[in-house]
Q: 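After the structure tokens below, expect a handful of questions from me.
Lettering of chains follows the sequences in order, A, B, ..., and the numbering in each one begins at 1.
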Amino acid sequence: MHDYSRMVPQATPETKPYWDGLKEGKLMIQRNKATGQAYFPPRPFDPRDPVAEVEWFQASGRGKLATYVISHRPPPGFEAPFSIAVVELAEGVKMMTNIVECPQTPEALQLDMPVEVVFHKVNDEITLPLWRPAKGG
Amino acid sequence: MVKPGSVAIVGAAEMVSPLGVFPELSQLGLHAESAIRAMKETGLKPSDIDGVACAGASPTEVAYYLGITPKYVDGTSVGGCSFMIHVRHAAAAIESGLCTTVLITHGESGKSGIGRGGFPGGRQGLNAQFEQWAGPTGAPTMFTVPVMRYMKQYGITEEQLAMVAVVQREYAAKNPNAMMKDPITVEDVLNSRMIAYPFRLFMCCLVTDGGGALILTSADRAKDFPTKPVYILGTGESVETPLVSQMEDFTSSRAFSVAGPTAFAEAGISRDDVDHLMIYDAFAHLPLYGLEDLGFVGRGEAAQFIWDGNTRPGGKLPLNTNGGGLSYTHSGMYGMYALQESVRQMRGTAPAQVAGAKISVAHGVGGMFAASGTIIMSNEQP
């Protein structure tokens, strides 16, 4: 497992519910109350309609592998080669992450394969949303 | 000069507190909240806004954050008078038809210091919170992220990606100033050191020192200079997102797709009229995206177009004739070198000169598919 402590993010008031959710093992994102459409990264308004009401909700934690590279240029604390990936959530939004708990090879990392979130605690403030190949159905 | 009275301010809002602080908003949030207040006052939505100007944040961040797809951006950042300058530029842009509605924003968490300073926003910036922790180490591991989706969608092979570098080396071999001149094969490219799968070393740009400058003047005055005039026929620009993971479509750059067609519409020419093309090639996939997003070929056809020799010396659409960022030079902001090569081709002085070329296109990218600009030029005045 990588050592993420050197690049640990810090929440802003707008993103605090997202990072608070991760601490509790919940993937909290936002959606437009009227349309139900999700958006990401978090912000206090829907970029499609900034005066609409929005709400936080718990995402399913399921998605598929949208794209990736396998980096041979690790930052300090990372083990290379390693994937830098984008996952598309079932809710339709995308996030950058690392795919873990599988070989870091093109053979093991197939586009569109189902993935699920796994919560990785870095410190008391920050837990990161990593993703792994989905187990079972 | 902009015709007096032809442009007006229709919305105005500010964020001022008697306490002097907004502890619930980051610096970017202050830009956004000010913008939303002004939009509310005028009844405009982000989709009604087609120009963005700001300082203290990148226009990429502000446009993306507010959900705006601009045709006009101005990140002029020269201190406290920047916003007056933004207004001036906006008036000129509107007058000349580059855009219709420009949003100018300011936001500064000067007291609370939330989301300001360092690499955009430091640990609280969008990049730090939503990408940087996953371990990218600069452009080779970021700019490259979308390509696997592109390759799967269109059945593009690693050999075809490698061919981009092979063809450009053929031009570099003719160029005394190119850093890399030795001929290479597809096998050479695939056998070069792995950087970020599927990208090998020869699919990545050089890292060099360099510089360049251009001087522009009116076409009427240009005739009085000793050099052969190169006329600007059309221009375009756009931004999409500071987060490569948030591109709308990993197989196409929205910024390219706005900037390129905008320039062609202004110039009033078709793709078939283009004799010479430069597409900023920090990495081997960029000419593929550029050829498609600018409309030179259909979706998914660019790799085969290059494979078939169309962009080679003597081909029907000579591309990156200086050798490009992959083989010529790349000091970090390569766009200047693409423009310089277009000018040389129009003056007829390029090392790999395209005989009889009259129209050249120089297409650039900024950030990791974050921004784009397109310039169409000619050695004949229309």
Q: At a heavy-atom separation under 4.5 Å, does B:A32 approach chain A through its side chain, its backbone, both, or neither?
A: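 B:A32 touches chain A through side-chain heavy atoms alone.
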Q: Non-hydrogen atoms of chain B under 4.5 Å away: do they reach the side chain of A:D46, the backbone, both or neither?
A: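 For A:D46, neither part sits under 4.5 Å from chain B.
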Q: Take the angle between the ring planes of A:Y18 and B:F130 and call it parallel below 30°, perpendicular above 60°, tilted in between.
A: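 Answer is tilted, since the angle falls between 30° and 60°.
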Q: Counting C-beta onward and ignoring hydrogens, is there a side-chain heavy-atom pair between A:V86 and B:R149 closer than 4.5 Å?
A: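 In short, these two side chains do not touch, never coming nearer than 4.5 Å.
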Q: What heavy-atom pair brings A:P75 and B:T137 nearest, and what distance separates the two atoms?
A: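 That closest heavy-atom pairing would be N-CG2, 3.5 Å.
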Q: Is the number of heavy atoms from other residues, nucleotides or ligands within 6.0 Å of CD (A:E53) greater than 12?
A: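 12 or below, so no.
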Q: Which region of B:L25, side chain (C-beta onward) or backbone (N, CA, C, O), has a non-hydrogen atom less than 4.5 Å from a non-hydrogen atom of chain A, or is it both or neither?
A: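 The answer is both parts of B:L25.
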Q: When heavy-atom pairs shorter than 4.5 Å are enumerated against chain B, which of A:N98, A:V51, A:D49, A:L130 gives the highest number?
A: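 Of the candidates given, the most pairs with chain B belong to A:N98.
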Q: Give the member of B:I36, B:V244, B:I195 that has the highest number of heavy-atom pairs under 4.5 Å with chain A.
A: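 Greatest number of close heavy-atom pairs with chain A: B:I195.
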Q: Are more than 12 heavy atoms, taken from residues, nucleotides or ligands other than B:K40, located less than 6.0 Å from that residue's NZ atom?
A: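 12 or below, so no.
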Q: Quick check for you: among A:G77, A:P106, A:P50, which has the greatest number of heavy-atom pairs under 4.5 Å with chain B?
A: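 Of the candidates given, the most pairs with chain B belong to A:P106.
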Q: Looking only at heavy atoms, what is the nearest atom pair of B:S26 and A:E14, with distance?
A: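 Heavy atoms only, the tightest pair is OG-OE2, 2.9 Å.
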Q: Quick one: what part of B:Q153 sits under 4.5 Å from any heavy atom of chain A, side chain, backbone, both or neither?
A: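 Contact with chain A involves no heavy atom of B:Q153 at all.
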Q: Evaluate the criterion side-chain contact (heavy atoms from CB on, under 4.5 Å) for residue pair A:I126 and B:W133; output intermediate values, then yes/no.
A: CA-CA 11 Å; A:I126 294 295; B:W133 60 261; over 6 Å; no
Q: Looking only at heavy atoms and a cut-off of under 4.5 Å, which of A:V87, A:T97, A:V122 has the most pairs with chain B?
A: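 Of the options given, most contacts go to A:T97.
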Q: For the atom pair CZ (A:F82) and OG1 (B:T141), what is the distance rounded to the nearest 0.5 Å?
A: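 Nearest 0.5 Å value for the CZ-OG1 distance: 6.5 Å.
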Q: Taking the side chain as every heavy atom from C-beta outward, state whether A:V69 and B:M148 have any atom pair closer than 4.5 Å.
A: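 A side-chain contact under 4.5 Å is absent here.
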Q: Could you check whether any side-chain heavy atom of B:Y197 comes within less than 4.5 Å of a side-chain heavy atom of A:T105, counting everything from C-beta outward?
A: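 Contact flag for B:Y197/A:T105 side chains = no.
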Q: Does any backbone or side-chain atom of A:P76 lie under 4.5 Å from a heavy atom of chain B? Answer side chain, backbone, both or neither.
A: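 Contact with chain B is absent: no heavy atom of A:P76 under 4.5 Å.
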Q: Taking all non-hydrogen atoms of both residues, which atom of A:T67 and which atom of B:V145 are closest, and how far apart?
A: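 Reported closest heavy-atom pair: OG1-O, 2.6 Å.
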Q: So with a 6.0 Å cut-off around CG of A:N123, is the heavy-atom count from everything else above 12?
A: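 Enclosed.
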Q: Heavy-atom distances under 4.5 Å only: say whether A:R48 touches chain B with side chain, backbone, both or neither.
A: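 Interface part for A:R48: neither.
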Q: Checking heavy atoms, do the side chain of B:P140, its backbone, both or neither come under 4.5 Å from chain A?
A: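 When you check distances to chain A, only side chain atoms of B:P140 fall under 4.5 Å.
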Q: Using a 4.5 angstrom heavy-atom cutoff, name the option from B:E131, B:M39, B:E33, B:K45 with the most pairs to chain A.
A: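 It is B:E131.
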Q: Using a 4.5 angstrom heavy-atom cutoff, name the option from A:M95, A:M7, A:Q10 with the most pairs to chain B.
A: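 Top option by heavy-atom pairs under 4.5 Å: A:Q10.
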Q: Please classify the contact of B:Y150 with chain A as side chain, backbone, both or neither, using a heavy-atom distance under 4.5 Å.
A: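 When you check distances to chain A, no heavy atom of B:Y150 falls under 4.5 Å.
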Q: Any side-chain heavy atom of B:Q129 within less than 4.5 Å of one from A:T12?
A: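 In contact.
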Q: Against chain A, work out which of B:P146, B:G29, B:P198, B:G135 has the most heavy-atom pairs shorter than 4.5 Å and name it.
A: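 The option with the most such pairs is B:G135.
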Q: Is A:R43 positioned over the aromatic face of B:Y64, cation under 6.0 angstrom from the ring centre and no more than 45 degrees off axis?
A: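 Satisfied, under 6.0 Å and within 45°.
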Q: Where is the tightest heavy-atom contact between A:P47 and B:P46, given as atom of each residue plus distance?
A: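 In this case the closest contact between A:P47 and B:P46 is O-CG, 4.1 Å.
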Q: May I ask you to check whether B:F250 and A:Y68 place their ring centres under 6.0 Å from each other?
A: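 So the answer is no for these two rings.
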Q: What are the two closest heavy atoms between B:Q246 and A:K94, and how far apart are they?
A: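 What the structure gives for the nearest pair is NE2-O, 2.7 Å.
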Q: If you take all heavy atoms of B:P23 and A:P13, which pair is closest and at what distance?
A: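 Here B:P23 and A:P13 meet closest at O-CG, 3.6 Å.
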Q: Under 4.5 Å from any heavy atom of chain A, what part of B:M151 do you find: side chain, backbone, both or neither?
A: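 No part of it gets close to chain A.
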Q: Could you grab the distance from atom NZ of B:K152 to atom CD of A:Q110, nearest 0.5 Å is fine?
A: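 Interatomic distance, B:K152 NZ to A:Q110 CD, rounded to 0.5 Å: 7.0 Å.
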